[in-house]
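Here the structure comes first, spelled out in structure tokens, and everything after it is commentary.
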Amino acid sequence: MNAHKRRQIFERLRALDPAPTTELEFRTPFELLVAVILSAQATDVGVNRATRRLFAVANTPEAILELGLEGLKAHIRTIGLFNSKAANIIRTCEILVRDHRGEVPRDRAALEGLPGVGRKTANVVLNTAFGEATIAVDTHIFRVANRTRLAPGKTPLEVERKLMRFTPAAFRRDAHHWLILHGRYTCRARRPLCEQCVIHDLCEYRDKTAPGPLPAVAGTD
DNA sequence: AACTCGGGGCA
DNA sequence: TGCCCAGAGTT
């Protein structure tokens, strides 16, 4: 597909939300890091409820270490996988204090070395806290990429590399947010709103003439 | 590649 | 009830 066509696609997605940002609530890079660790296989609404409780009490590595494992769990119990997430956050706080002066490193390798932080979380932090042009492939983006001809791939990393190549440079920083919003509200896992889709001309999945819902496409889980 | 963690939202 | 949710770590 030529550059002009690819640019048009992102112009259409951008029109839906010209100044996109994450739905996760945060004030500092550290708050974002914790919120994204908590968001694995959880809804952002649930994560925001938990982080509001937590950050009101502790929003630095030092403060969370003072809270302790059980104190931390008390605030995030309503989120799935909270046992492993709490343990990972404590260990991450220890490493931040010991090796990074209590601050979130702006470095992919350092981020991915933190417990609970994989490639997706590192990409969100690099993008949204530090303004770098990364694409964090989550369940929504993976679904959009595979339902369309944008960037079909078997693994999130393959999809990420294809999306980086597909996306014109001027759109690379915010492409992540637009694709996620499109996956959340239009190209939903169940009952996608194909009639309002701005990139349905790229859809390999839908029979455009047949009414009715799309069959579900699994995410990364 | 497959498995496990996991409470909550939603149809 | 079953599926899905801004995944990561282990085997």
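Chain letters run A, B, ... following the sequence lines, proteins first, then strands; residues in each count from 1.
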Sequence neighbours excluded - ring pair (Phe, Tyr, Trp, His ring centres under 6.0 Å) pairs with any residue from residues 8-61 of chain A = A:Phe10-A:Phe171
Could you tell me how far apart [X] ([atom1]) and [N] ([atom2]) are, to the nearest whole angstrom?
| X | N | atom1 | atom2 | value |
| --- | --- | --- | --- | --- |
| A:Ile79 | C:dA8 | CD1 | P | 15 Å |
| A:Leu126 | C:dA6 | CG | C1' | 15 Å |
| A:Asn123 | C:dG7 | CG | C1' | 13 Å |
| A:His140 | C:dG7 | NE2 | P | 7 Å |
| A:Asp138 | C:dC4 | CG | P | 15 Å |
| A:Gln41 | C:dC4 | CD | P | 11 Å |
| A:Arg49 | C:dA6 | CZ | P | 13 Å |
| A:Glu160 | C:dA8 | CD | P | 11 Å |

Can you check the distance between [N] and [M], where both ends of the measurement are the [atom1] atom (answer in whole Å)?
| N | M | atom1 | answer |
| --- | --- | --- | --- |
| C:dT10 | B:dG6 | P | 14 Å |
| B:dC3 | C:dC3 | P | 16 Å |
| B:dT4 | C:dA6 | P | 24 Å |

Chain A contact limits on DNA chain B, taken 5' to 3' with a cut-off of 4.0 angstrom to heavy atoms = B:dC5 to B:dG9
Spatial distance of atom CD (A:Glu25) from atom OG1 (A:Thr51) [nearest 0.5 Å] | 6.0 Å
Establish whether the base of C:dA6 is bridged to the side chain of A:Thr22 by a donor-acceptor pair shorter than 3.5 Å.
-> yes
Side chain A:Arg190 and base C:dC3 donor-acceptor under 3.5 Å = yes
CD (A:Glu132) with more than 12 external heavy atoms under 6.0 Å = yes
Other residues, nucleotides, ligands: >12 heavy atoms within 6.0 Å of A:Arg91 CZ = no
Evaluate the criterion side-chain contact (heavy atoms from CB on, under 4.5 Å) for residue pair A:Val36 and A:Val47; output intermediate values, then yes/no.
-> CA-CA 9 Å; A:Val36 182; A:Val47 171; over 6 Å; no
Considering only heavy atoms, which members of residues 163-185 of chain A lie under 4.0 Å from some atom of DNA chain C?
-> A:His176, A:Ile180
Steps toward side-chain contact (heavy atoms from CB on, under 4.5 Å) verdict (A:Leu157, A:Arg161) = CA-CA 6 Å; A:Leu157 184 59; A:Arg161 286 202 263 255; 3.3 Å; yes
Using a heavy-atom cut-off of under 4.0 Å over every strand shown, decide if A:Ser84 touches base, sugar-phosphate, or nothing.
-> sugar-phosphate
Which is true for A:Leu24 with a 4.0 Å heavy-atom rule: it touches a base, it touches only sugar-phosphate, or it touches nothing?
-> base
Should A:His176 and A:Thr134 be marked as a side-chain contact (heavy atoms from CB on, under 4.5 Å) after you check the CA-CA gap, both sets of side-chain angles, and the distance that decides it?
-> CA-CA 7 Å; A:His176 162 72; A:Thr134 61; over 6 Å; no
Name all residues meeting the salt bridge (charged side-chain N to carboxylate O under 4.0 Å, His left out) criterion together with A:Arg173; count only those two or more places apart in sequence or in a different chain, and write none if there are none.
-> none
Under 4.5 Å between side-chain heavy atoms, hopping through other hydrophobics if needed: is there a path connecting A:Tyr185 to A:Leu179?
-> no
Report whether A:Leu32 and A:Leu181 are members of the same hydrophobic cluster (ILVMFWY, side-chain heavy atoms less than 4.5 Å apart, transitive linking).
-> no
Step by step, work out the side-chain contact (heavy atoms from CB on, under 4.5 Å) result for A:His177 and A:Asp17.
-> CA-CA 9 Å; A:His177 296 293; A:Asp17 188 355; over 6 Å; no
Please tabulate, one pair per line, all N/O donor-acceptor pairs under 3.5 Å involving side-chain atoms of residues 114-124 of chain A, not counting sequence neighbours.
from     : atom 1 : to       : atom 2 : distance (Å)
A:Arg119 : NE     : A:Glu160 : OE1    : 2.7
A:Arg119 : NE     : A:Glu160 : OE2    : 3.2
A:Arg119 : NH2    : A:Glu160 : OE2    : 2.8
A:Asn123 : OD1    : A:Arg108 : NH1    : 3.2
A:Asn123 : OD1    : A:Arg108 : NH2    : 2.6
A:Asn123 : ND2    : A:Arg119 : O      : 3.4
A:Asn123 : ND2    : A:Ile135 : O      : 3.3
A:Asn123 : ND2    : A:Glu160 : OE1    : 3.3
A:Asn123 : ND2    : A:Glu160 : OE2    : 3.4

Could you go through nucleotides 9-11 of chain C and list every protein N or O atom that sits under 3.5 Å from one of its N or O atoms, giving the distance for each pair?
from  : atom 1 : to       : atom 2 : distance (Å)
C:dG9 : OP1    : A:Gly116 : N      : 2.8

